[in-house]
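See structure below.
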4 protein chains.
Amino acid sequence: MTLLIISGSSRENSNSEYFAAKAADSYKGDVKWVRLREKTIRQIHDQRHDENGFDPVEDDHAEVVETMLEADEILFATPLYWYGMSGYMKTFIDRWSQAMRDPELNFKERISGKPGYVITCGGDQVDLKGLPLILQFRHIFEFTGMDFKKYFIGEARKPGDANNSDRLNHLEHFFN
Amino acid sequence: MTLLIISGSSRENSNSEYFAAKAADSYKGDVKWVRLREKTIRQIHDQRHDENGFDPVEDDHAEVVETMLEADEILFATPLYWYGMSGYMKTFIDRWSQAMRDPELNFKERISGKPGYVITCGGDQVDLKGLPLILQFRHIFEFTGMDFKKYFIGEARKPGDANNSDRLNHLEHFFN
Amino acid sequence: MTLLIISGSSRENSNSEYFAAKAADSYKGDVKWVRLREKTIRQIHDQRHDENGFDPVEDDHAEVVETMLEADEILFATPLYWYGMSGYMKTFIDRWSQAMRDPELNFKERISGKPGYVITCGGDQVDLKGLPLILQFRHIFEFTGMDFKKYFIGEARKPGDANNSDRLNHLEHFFN
Amino acid sequence: MTLLIISGSSRENSNSEYFAAKAADSYKGDVKWVRLREKTIRQIHDQRHDENGFDPVEDDHAEVVETMLEADEILFATPLYWYGMSGYMKTFIDRWSQAMRDPELNFKERISGKPGYVITCGGDQVDLKGLPLILQFRHIFEFTGMDFKKYFIGEARKPGDANNSDRLNHLEHFFN
C-alpha cells in the first residue's frame, strides 16, 4: 500500500508538511511525497469545449498526475492561504479537467474509490475559517468518486509552530 | 466612481465574464477590466517570516494590485473550477500576502472599506456547490476590511450558456 | 400536481410566507399550506434504539406528515432565526426520525424523489448568514432522497418588508 | 469559575452528553448542567415588532437563561439531528430574541464576551455533515458577542458509542 502526500506549501519548513508527516507516521505502508513548489505546473486553459480539445502542455502536470493515480491513497496537505488551498494546489487541481479528457490516462476510473485525506493549517480561528476549504474538498472528492476519509486542521502561523502544536496527539492514529 | 472587474476566467467567450458584463451595465460610473489570463503572475513564495522578507518578483502582480487599489469598487468574476475560484484568481490573491508587506503600497489601508462583489458560474447544482467559494470570499473580504455587498451565482456550462440564462434579470439592478 | 408549503414562521403577516406565496404564484397546480404554528408538535424523544421503538405521541405530527407525503412537491418556508430554520420547523423535522420508523407510513419511499424547495428570509447580511441553513437543507434532502431544486433568500426585517423587496422579480418564474 | 453545559439531547444515556462530560473533566472550576428535555420551553412567538412587545410566557425559559447568564463559560452540547442542533436546543435559542428585549435581564451585556463551546455528535460522515451546525454557531456567537473557543465533533450512533470513541483523547485537554 502506498500513500502519496501532495503538498501545496510554498516554502521549506512548512507547518502543513510537518502535520502531514506526523500523520503519515501512523501509515502502514510506503509514503511518497510530491511538493508542488518543486514542479512546474501551468494554469489551465479551459478548452473543454474546443473542437480539438486541449492543446498539449509542456510541464510536470502529467507526471504528478501519474504518480497520484499510481498511489493507493492520497493526502492533500496545504497551508490555508486566504481561507482556501494554496495557489499551487488549486492550479494543480484545475488541470485535472484537462487530465480527465486524456483517454490514455483513465483518470476518472483510476482515481475513483481511492481514500482521500486533507491536512491544512492556519492561524486566526482556523477551525472555523478553514471550513470552506473542507467543504470544497468534499465536493472535489465526491465528483471524482474518491472516499473522503478524514481531515485535520492544525493551528500554526510561524515556521516551527506545528512542532509545538497541542494537537499532535490527534494525529497519532490518523491512519488507524 | 470606478468599478474594476477582475476576471479569473481562463478562456475567451467566458460565461462568468458575460454575467459580470451584464451586471456592470447597471453601474453608474466607469468600468475597467483586468483579465488575469493576460497577465503573468507567479505563485507566492511565503517569506513572511524570513528575516529579509519577500524577494522582489518580476511579473505583473504589482501592476494589477495598483489598478485594484485605485478602483473604488471591485468585482471578482471567476468561473467555479473544482468548487472554488480558478487557479488564476487564487494565485493572484495568494500574492496579496506579499503586497501587504510592501510599505509603499499601503495595501491594507487602501483596500479597506471598498465595496466588493463576487460573480461566479458553474454547472451541476452550482447554487449549492458554489457556496464554499462564497464563504471563502466572505472571509477574504472580512480580513481585508472590504465590504461584501453582493454575489451572483450563475448556471452555465458551455460557451454561450450565460447569454441564454434565465437569471439575467437578476443582474438588471445589480448595482442599484 | 400539488405543491405543499410548510411554513415555520411564528407570526401572522410573515415575510417568509409572503415570499413563498409570491413564488407559488408561478406554480402550475394546486397550492396548499401548513402553518406549523397552528399545529401542536412535540419535541422528539429519541427512542430509535429502544427495544420497543417509539412511544406513540398524541399531537398533529402524523397528520402534517401525511399531508406532506401526499403532496407532489414541497416548499419549506422559514424565517432565518438565529441563522437557522425556526424552532417550529426544526421540531417538526426532528420528528421525521420517528415517522421514518412507522411501517404504515412508508415515509422514506414516499418522500424520495420529491422536488424540494427552500425559501427563507432575514436581515443583516442574510445572503451570507443564511448559507448554513441552505447547506443543512442540502443534507436533509440528500438523506431523504428529495431533489433540491431551488432556494431563495430574501431580505426582510419588519413585517411588510417582503412586500417592498427588490428581489420579488427573482420569484416571478420560481416554478418555471 | 463556572462552566454551564446546556444539553439539547432528547434522551438519557446521551452520547453528546458523554462527550461533554469527558471534556468537562478537564475544566478547572465548577461544572453545572441544564438538560433542556427536563424543562418546558415553548416556541417563540415573534412579537419583536408588536407595539407592546412580547407577551409574558409561563415556562422555564427565563430560569434557564438566568442560569446561563450567571455562568462564566457555556458549552452547548447537542446531538446532530438532521444536520443541525436538536429541536430542544433550537427552540431554546429562538427564545433568546425575546429574552434580549427584557430590560431587567440585561441579556446582551451579560452574555457578551463569555467563552462558548460546542460539542456535537452524529453518525454518517459527521465530520463533514456537522459543519453547517458549526457555521451556524459561529454566527450565533458572533451576534451575541460570545467568544467561540472550541468545538468537538464526535462520531456515535447508538447509545454507548461515545464511551468507545477513538476520539476521547481529543477531549483530554479540551479546557486547557
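As the structure is a prediction and not an experimental result, all values here were calculated from the model. Proteins come first, then strands; the chains are lettered A, B, ... in the order of their sequence lines, and each starts at number 1.
- In this structure, chain D has a heavy atom under 4.5 Å from the backbone of R157(C), while its side chain stays farther away.
- No more than 12 heavy atoms of other residues, nucleotides or ligands lie within 6.0 Å of CD in E58(D), so this atom counts as exposed by the packing criterion.
- Here the closest non-hydrogen pair linking I44(D) and Y81(C) is CG2-CE1, 3.8 Å.
- Atom OH of Y83(D) sits about 13.0 Å away from atom CZ of F137(C), to the nearest 0.5 Å.
- Rounding to the nearest 0.5 Å gives a distance of 7.0 Å between CD of E12(C) and NE2 of H45(D).
- For M89(C), no part lies near chain D; criterion is any non-hydrogen pair under 4.5 Å.
- With a 6.0 Å radius and a threshold of 12 heavy atoms from other residues, nucleotides or ligands, K22(C) has its NZ atom at or below the threshold.
- At a threshold of 4.5 Å between non-hydrogen side-chain atoms, the residues Q47(C) and R11(D) do not count as touching.
- Highest contact tally toward chain C, considering only P79(D), P159(D), S9(D), is held by P159(D) [criterion: heavy-atom pairs under 4.5 Å].
- Contacts between S14(D) and chain C at a heavy-atom distance below 4.5 Å are absent for every atom of the residue.
- Counting all heavy atoms, side chain and backbone alike, H139(D) lies closest to P132(C) at CD2-CG, 3.9 Å.
- Between the OG atom of S86(D) and the NZ atom of K90(C) there is a distance of 6.0 Å, given to the nearest 0.5 Å.
- Residue N13(C) holds its CG atom at 11.0 Å from CG of D46(D), rounded to the nearest 0.5 Å.
- Chosen from E142(D), R48(D), K158(D), the residue pairing most often with chain C at heavy-atom distances under 4.5 Å is K158(D).
- Here OG of S10(C) is found 11.0 Å from CZ of R95(D). Values are rounded to the nearest 0.5 Å.
- Distance alone, capped at 3.5 Å, is enough to place a donor-acceptor pair between the D94(C) side chain and the G87(D) backbone.
- In this structure, chain D has heavy atoms under 4.5 Å from both the backbone and the side chain of S97(C).
- Donor-acceptor pairing under 3.5 Å is recorded for the side chains of Q43(C) and T91(D).
- Panel note: side chain Q136(D), backbone W82(C); a donor-acceptor pair is recorded below 3.5 Å.
- The local environment of NZ in K32(D) is sparse, with at most 12 non-hydrogen atoms from other residues, nucleotides or ligands closer than 6.0 Å.
- Side chains of L135(C) and L131(D) form no contact here, defined as non-hydrogen atoms less than 4.5 Å apart.
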